[in-house]
Participant: 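Got a structure for you, questions after.
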Amino acid sequence: MTDNAHNSHLPINPDTVPSFETMTNVATMDTSHVNKDTPPFILVDGSYYLFRTYHALPKMMTTTGQHTNAIRGTLNALLKLMRRYHPTHMAVCFDTRAPTFRHQLSADYKASRPPMDIELSQQIPYLHRLVTALGIPLLRIEGAEADDIIGTLAYRAVAEGHHVVISTGDKDMAQLVNDCVILEDSFTGKITDSQGVVDKFGINPEQMIDFLTLMGDSSDGIKGVPGIGKKTAQDLLNKYGTIDNILQNLADVKGRGAKSLAEHAGDIPLNAQLATIVTDLDIGQDWSDLQLNTDPCAHVDELRALYSELEFKNELASLDHPNHPANGQGSKGVAASQAATEAQAQIEKSLQSTKIDNIKNSKNHDKAWHTILDMPAFDSLIEQLENSAHFVIDTETTSVHWRQAELVGLSFATQAHEAYYIPLAHSLEGDALTTKQLDRDTILSRLKPILENPNIGKIGQHLKYDAHILSRYDIDLLGSIHDKPNNWAMDTMLASYVINAAITRHGMDDLARHYLQTQTISFEDVAGKGAKQVSFDQVAIDIASDYACEDADITYQLFKIFNQKLANDDNNQKLLHELEIPTAEILCQMEAEGILIKRPFLNELSKRFDEEIIVLEQRAYEVAGEEFNLASPKQLGEMLFDKLGVIGGKKTKTGQYSTGEAVLSKIDHPLVDIVLEYRSLAKLKNTYTDALDNVADPITNRVHTSYHQALTSTGRLSSTDPNLQNIPIRTATGRLIRQAFIAPEGRVILAADYSQIELRLMAHFSGDENLTRAFNEGLDIHTATAAEVLGKTVEEVTPTERRNAKAINFGLLYGMSAFGLAKQLQMSRGEAQDYINMYFNRYPSVKEYMINTRASAYDKGYVETILGRKLYTPDINNSNRMVKQAAERAAINAPLQGSAADIIKLAMIAVDKVLPKAQAKMLLQVHDELVFEVDADKAADISKLIKNAMQEVLSTTAVASGWQVDFAVPLLVETDIGSNWDEAH
DNA sequence: GCATCATCTTA
DNA sequence: GTAAGATGATGCG
């Protein structure tokens, strides 16, 4: 049933492609002759990008009112493809308005499509000119659709020995996929190869036409067979292969599908014709014309004219950049894919760091940016702020480290394209404006009531930082989260993070580039870089003012965009305002509070470690027969495996010997024992005892970490300067470090941690009966697992069996493979696989969870946490198998780790609300644990309070914020109290 | 001076 | 097998 649509209305001329048969199906072509080492032939479905970007991107307009979002979106897709593949052959194909043979075949064909918006149709001529100016062949054929042109070219390209990338998001194109033809959606980043088609549609590419024929396509007006949907079509094709075969075996076919098939068999040929992409069009074009014009000068004038007419400023600037794809990118000839990847990385890097050469010129004088240098101007700003529902505030300081930063100036914005900068402490010698600066204390005391007014919303980029700075000047931007209706109206960094945590950078410059297509003035532009960088108070006030005003202006514009996005997404709105922003306020308090450390004790430890290290070094030199750097893996590897002739040396990817703990501990050699002990002590001394002493406040002896709230891909926090989330606990010596974390006189350390929270989440998400029961009965989960899998009672489980079960339980959370488990348990891969099979046999729903999660990541491109946070999985369709598999494991882990992160953030909010602040302070968060210092005589009561708040959080705080979670197992919190963190844990 | 690698610490 | 950050060594400019 894969007859090709062959119609006299089509411009078909068999003479142009004489060697090809008319029965041409790309998916079944012989591809043995195709050379994959050359760049692929790129076929772009221009119509797809036109529609997709028009509807998906925010409206953009030139000053003359010309809409440009589809032009820009499509252009970006083209540039991305050129940078990625460095193609020598490429074509962009568009539909025409003329009816096609499909319209003549069926009155319903695409009949339900509304007419094109004028704002879109206006953009088409520009786009055509742009494609041509980029030197890319443009194909439009009356009576044919872009799909048919692409089908024809794909067929021809493969016949000629090219491999092909079809750039589209149209699922119908899946019928063209084979092992040399893939689909790539440059808008979503999704790549679909043969396996991808199987994963997505449950059938092979060569069955795609039959699949569409059976199922129909309502958006195209193809009816399909009534009563046969996706699932039935899949089942039938998997069983019978083709429609022909299904019809021949109609008697065997079960269910209501059979009857419908018999009744509508007559419609099948028509539907098939409509669904089949033509592969033998007369494209009326010389094959040799489909090469990119790689002459950099050929069209540059036209390109310049277009960019300037469309007001594409960055593109215009990049035309003069040597890495613009239009600048002869293909002239270097065939690039191997490795080189292409490197080249692309370089281009991305250089594009990101494209600098504005002259700061003064960068100021856009349409914008009303003001420097406040006199009291009347300041009075008028005050009035404006007082009468605003919300405004942007941004602080400029002498340092990025909040602990040591001094306030240099403040900027404000109450609407887009207007901003104010109040310089307060600039001190550049020779800058005449410095003497005109207003008095800092006067200004701050006037601003204080406004900044502390909970009814005026504050907007900012990374407001936690500004809140820290202002608190140093006795201004409480935080308010308190219990009774503030409108404080901290928006943090644009957190908004971006809630919308997509997979983005690695949420800095203002990155957001401006991404959401506003604006290259902001970078800090390096105004303050220099490297050793020559000066602090902001040394920047001239007029330059500083532009920079600061732009920050406030951009933040306001981002606020508008995010507000719009969040208005359409109730859950993201809640995640931002009910979860992330309240968490940020609490983190701010925790960071400011800090935790007390016992400095003399740490110094004593340092000294002790140092003495032992010196002894170990000497012994190592004796064993080795010469001195070498024990801390150098390279020198150690050479010493051990080359000079001393120890066998069992493995190499790392860079070719040097691997000397990790896992390798060394298998080797029986005196030097190895020395090295392992040396490393352990050196680690503790360098990373912990010395480092903590260095960063502790010299007066209060408290350590203040910084929590990063918009960094991880799962929603977890991270901790830096110092990292207090990886303080040792496993070894006795390591725990000495923990003993240095103490509470002041009269107080104790209280630690409260969620027990097995991720496994409980696995029980919840999978609904697995056995797992749920174990938690509901309060069993030791690893023992229970071992007993279940081995068919024993819990009393019969041996320590080794429990250990293996624990490894498999952790493996589950990490998206386990037999390979990984085998490595962990030091057994063969087969044994590990047997173990996994036994496990899944007893926990079938857990297996299902893993399958379903993978499938959901493929289908939707994201997975979700318990509070509905969307965690995107961009690499899930990566063409590199290793990358793809890693993305699958991450997708399985993300809902578990991310939900645990959601829950502990809720817990922090819940606890903060009930904690008696005079008697207790929340100090640290370590993923599933909260650490407090509390009055010793109140510790028992407060402990109960905290435990209760944490355990009940899903039925209290979550519900109050509008999340309904019916959790399958109890949340268990274990608390303990001690004079130091080690005792409390 | 800066980036990358190998190693080791945590949940 | 997931998610992080800090350190010293090494190599490049």
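Quick note on labels: first sequence line is chain A, next is B, and so on, each numbered from 1. Atom set for the values below is all heavy atoms of this structure, side chains included, hydrogens, waters and symmetry mates excluded.
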Participant: NA contact type, A/A691, heavy-atom cut-off 4.0 Å: base, sugar-phosphate, or nothing?
Facilitator: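 Touches sugar-phosphate only.
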Participant: Taking atom P of C/dG5 as reference, at what distance in whole Å does atom CG of A/L924 sit?
Facilitator: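 To the nearest whole Å, that distance equals 16 Å.
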Participant: How about A/Y814 and A/Q824: does a side-chain donor come under 3.5 Å of a side-chain acceptor?
Facilitator: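 Distance-only check fails for A/Y814 and A/Q824.
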Participant: How about A/T714 and A/Q897: does a side-chain donor come under 3.5 Å of a side-chain acceptor?
Facilitator: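 Present: a donor and an acceptor within the cut-off.
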Participant: How does protein reach along nucleotides 6-11 of chain B, written 5' to 3' as B (base within reach of a heavy atom under 4.0 Å), S (only sugar-phosphate), or - (no contact)?
Facilitator: SSBBBB
Participant: Would you mind reading off the distance between A/M850 atom CE and C/dT2 atom C1', rounded to a whole angstrom?
Facilitator: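 Checked: the CE to C1' distance equals 11 Å.
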Participant: We want to know whether A/T659 and A/R679 form a side-chain donor-acceptor pair, criterion being a heavy-atom distance below 3.5 angstrom.
Facilitator: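 Distance-only check passes for A/T659 and A/R679.
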Participant: To the nearest Å, give me how far apart NZ (A/K532) and P (B/dC2) are.
Facilitator: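 The answer, rounded to whole Å, is 12 Å.
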Participant: Rounded to the nearest Å, what distance is computed from the CG atom of residue A/N694 to the P atom of nucleotide C/dT7?
Facilitator: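 The distance from CG of A/N694 to P of C/dT7 comes to 9 Å, rounded to the nearest Å.
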Participant: Are A/K884 and A/D875 ion-paired here, with the side-chain N under 4.0 Å from a carboxylate O?
Facilitator: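 Looking at A/K884 and A/D875, the cut-off is not met.
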Participant: Is it true that the side chains of A/N629 and A/S632 contain a donor and an acceptor less than 3.5 Å apart?
Facilitator: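 Per modelled atom types, A/N629 and A/S632 side chains form no pair under 3.5 Å.
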Participant: Taking all non-hydrogen atoms of both residues, which atom of A/A822 and which atom of A/S828 are closest, and how far apart?
Facilitator: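 It is CB-O, 3.7 Å.
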Participant: Across the strands shown, which category fits A/N629 at heavy-atom distances under 4.0 angstrom: base, sugar-phosphate, nothing?
Facilitator: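 Contact class for A/N629: sugar-phosphate only.
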Participant: Does a side chain donor of either A/Q739 or A/D982 reach within less than 3.5 Å of an acceptor in the other side chain?
Facilitator: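 Present: a donor and an acceptor within the cut-off.
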Participant: Can you find a side-chain donor-acceptor pair between A/S856 and A/D859 that sits under 3.5 Å?
Facilitator: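 Their side chains do not contain a donor-acceptor pair, so the 3.5 Å distance test is not met.
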Participant: Measure from the side chain of A/N686, starting at C-beta and using heavy atoms only, and say which of C/dG5, C/dA9, C/dT7 lies closest.
Facilitator: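 So the nucleotide nearest the side chain must be C/dT7.
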Participant: Between P on C/dA4 and CD1 on A/I904, what's the gap in Å once rounded to a whole number?
Facilitator: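 In whole Å, C/dA4 P and A/I904 CD1 are 17 Å from each other.
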Participant: Under a plain distance cut-off of 3.5 Å, with no hydrogens placed, do A/N809 and A/T785 share a side-chain donor-acceptor pair?
Facilitator: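 Yes - a donor-acceptor pair under 3.5 Å links their side chains.
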Participant: Scan residues 824-843 of chain A against DNA chain B and write down, sorted by residue number, each residue with any heavy atom closer than 4.0 Å; if none is found, say none.
Facilitator: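 By residue number: none to list.
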Participant: Could you state the atom-to-atom distance from CG of A/N893 to C1' of C/dA4 in whole Å?
Facilitator: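 Rounded to the whole Å, the gap is 12 Å.
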Participant: Base, sugar-phosphate alone, or nothing: which one does A/A822 contact when heavy atoms must sit under 4.0 Å apart?
Facilitator: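 Answer is nothing: A/A822 stays at 4.0 Å or more from every strand.
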Participant: Figure out the CD/C1' separation between A/Q635 and C/dG8, and round it to whole Å.
Facilitator: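 My rounded result for the distance is 12 Å.
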Participant: In this structure, how many angstroms lie between the C1' atom of C/dG8 and the CZ atom of A/F628, rounded?
Facilitator: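 A/F628 atom CZ is separated from C/dG8 atom C1' by 15 Å.
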Participant: What I want to find out is whether A/E580 reaches A/K905 closely enough, with some N-O distance under 4.0 Å, to be called a salt bridge.
Facilitator: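 Between A/K905 and A/E580 there is a salt bridge, with a charged N closer than 4.0 Å to a carboxylate O.
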Participant: Scan A/L711 against the nucleic acid and name what it touches under 4.0 Å (heavy atoms): base, sugar-phosphate only, or nothing.
Facilitator: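 Sugar-phosphate contact only - A/L711 comes under 4.0 Å of backbone atoms but never of a base.
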Participant: So A/F810, base contact, sugar-phosphate only, or nothing? Heavy-atom distance under 4.0 Å.
Facilitator: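 Nothing, no heavy atom under 4.0 Å.
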Participant: Compare the minimum distances between each of C/dA3, C/dG11, C/dA6 and the side chain of A/K634, then state the nucleotide with the smallest one.
Facilitator: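 Selected nucleotide (nearest to the side chain): C/dG11.
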